[in-house]
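Taking it in order: structure first as structure tokens, then the write-up.
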Amino acid sequence: MDVFERLKLAAEVDWRSYVEHKFVQQLGEGTLPQEAFRAYLVQDYLFLIQFSRAWALAAYKSRTIPEIRAAQAGLAGILDETELHVRLCGRWGLSPEQLHSVQEHQATVAYTRFVLDCGAAGDLLDLHVALAPCVIGYAEIGKALAPQGVEALGDHPYREWIGEYAGEAFQQLAIGSRKLLDDLAARSMTERRFGELAILFGKAARLEADFWQMGLDAVAG
Ligand SMILES: Cc1ncc(CO)c(N)n1
């Protein structure tokens with residue numbers, strides 16, 4: 001079992017609250033109101049700006065070239081992801097400048113600053129554990145929502161979004177992140193440390209769940 005699998009098991013309730021969230025279920029079924037998706041996606045653009053900074057911080061906290069390359073790949077992946085947001089929001093008449101001027105929701109502030117703080121106060125392993133629910137979680141969700149591949153989704157209303165995360169590039173990024181966690185842990189992780197990291201991982205997963213909830217609340221409230 002790799003470190004990511006162990007973290008997932010240790011924080012199972014929080015993990016499930018994230019990957020099985022109602023937002024994800026509705027997104028998969030295609031029943032998610034567009035208004036909820038839109039509220040989510042606009043905030044996610046702001047989220048990705050802060051997450052790019054977190055991956056850049058991972059480069060800064062690195063000590064070896066492979067670690068720096070992993071951070072570079074993560075940063076590049078996040079920046080590529082913003083192209084999806086710019087494209088989809090563009091169809092709703094929102095330019096990147098307009099997206100940039102939207103106020104960050106509390107859920108966006110809470111999650112991104114939590115991760116940045118893990119990186120600032122902790123070491124590289126803390127930071128990568130805090131980042132793990134993001135890349136590895138979305139890769140898992142993407143795959144789960146397109147079990148027969150993206151082509152089989154037909155004219156699914158959220159096909160483009162699902163395709164981004166089920167796609168090869170994002171899946172490879174997640175595989176790289178999992179391996180990096182194993183490499184970092186092999187060097188310095190004790191069992192006591194694992195317990196601390198599992199708490200951190202669980203918090204990040206809960207903040208992901210809150211992020212989905214923000215999308216649903218935009219419609220309900
Ligand atoms: C909130 C959130 N978590 C993870 C990802 C995947 O990068 C994303 N785009 N947004």
Side-chain angles (χ1 to χ4, degrees), residues 4 7-8 11 14-24 27-28 32 36-58 70-89 96 99 102 104-116 118-119 127-146 158 160-178 180-181 200-218:
F4 178 74
L7 288 167
K8 231 167 67 166
D14 294 325
W15 184 256
R16 292 181 65 157
S17 77
Y18 162 36
V19 297
E20 294 173 11
H21 196 277
K22 198 169 151 197
F23 185 103
V24 178
L27 185 71
L32 181 73
F37 182 67
R38 226 167 122 149
Y40 154 80
L41 204 72
V42 170
Q43 285 297 318
D44 205 49
Y45 181 79
L46 303 177
F47 167 93
L48 290 175
I49 295 172
Q50 300 306 321
F51 251 56
S52 308
R53 298 180 58 224
W55 280 99
L57 180 58
Q72 179 194 30
L75 174 54
I78 296 287
L79 291 177
D80 287 347
E81 211 188 317
T82 64
E83 287 169 21
L84 168 79
H85 296 58
V86 168
R87 199 166 65 237
L88 294 180
C89 291
L99 290 174
V102 172
E104 283 181 303
H105 190 283
Q106 295 283 25
T108 312
V109 176
Y111 188 19
T112 57
R113 298 332 187 265
F114 169 76
V115 174
L116 284 164
C118 284
L127 177 55
H128 277 297
V129 167
L131 285 166
C134 165
V135 173
I136 309 175
Y138 269 48
E140 206 170 273
I141 290 167
K143 223 174 175 174
L145 297 189
Y158 299 116
E160 230 171 308
W161 189 94
I162 297 169
E164 177 79 19
Y165 300 107
E168 195 50 31
F170 204 84
Q171 292 294 324
Q172 283 305 324
L173 201 59
I175 290 169
S177 287
R178 282 180 90 129
L180 181 64
L181 278 183
L200 199 158
F201 181 86
K203 268 191 202 161
R206 263 202 314 278
L207 289 161
E208 283 280 7
D210 291 348
F211 204 86
W212 295 132
Q213 190 58 43
M214 164 189 65
L216 294 186
D217 289 348

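Atoms within each ligand, like the ligands themselves, are counted from 1 in listed order. In this chain, residues are counted from 1 in sequence order.
Every atom of ligand 1 is numbered from 1 in the order shown, and the set under 4.0 Å from a heavy atom of Cys134 is 4 (C), 5 (C), 6 (C), 7 (O). Within the listing of ligand 1, atoms 9 (N) sit less than 4.0 angstrom from a heavy atom of Tyr165. Heavy-atom contacts of Leu48 reach the following atoms of ligand 1: 9 (N) (cutoff under 4.0 Å).
Atom 10 (N) of ligand 1 has as its closest protein heavy atom Asp44 OD1, 2.6 Å. Nearest to atom 9 (N) of ligand 1 among the protein's heavy atoms is Glu81 OE2, 2.5 Å. The nearest heavy-atom contact from the protein to atom 3 (N) of ligand 1 is Glu208 OE2, 2.7 Å.
By the 30° and 60° cut-offs, the orientation of the rings of Tyr165 relative to Phe170 is perpendicular. Ring planes of Tyr45 and His85: tilted class, angle from 30 to 60°.
A ring-centre distance under 6.0 Å is found for Tyr138 and Trp212.
Atom CZ of Arg87 has more than 12 neighbouring heavy atoms from other residues, nucleotides or ligands inside a 6.0 Å radius. Within a 6.0 Å sphere centred on CZ of Arg178, heavy atoms belonging to other residues, nucleotides or ligands number more than 12.
Nearest approach of Leu32 to Phe37, heavy atoms of both residues: CD2-CB, 3.8 Å.
Evaluated for a side chain to side chain contact (heavy atoms under 4.5 Å, CB included) with Val109, the options Gln43, Glu104, Gln50 yield exactly one hit, Glu104.
Proximity annotation for atom 2 (C) of ligand 1: of Tyr138, Trp55, Phe211, Tyr138 comes nearest, heavy atoms only.
Any N or O atom pair closer than 3.5 Å counts here, and Tyr40 shares no such pair with ligand 1. Residue contacts with ligand 1: His85 is placed with no nitrogen or oxygen under 3.5 Å of a nitrogen or oxygen of the ligand (distance criterion only).
Under a 3.5 Å cut-off, the side chain of Tyr111 and the backbone N or O of Phe211 do not form any donor-acceptor pair.
Residue contacts with ligand 1, taken as heavy atom pairs separated by less than 4.0 Å, involve Phe47 solely via side-chain atoms from C-beta onward. Heavy atoms of Val135 found under 4.0 angstrom from ligand 1: none, in either backbone or side chain.
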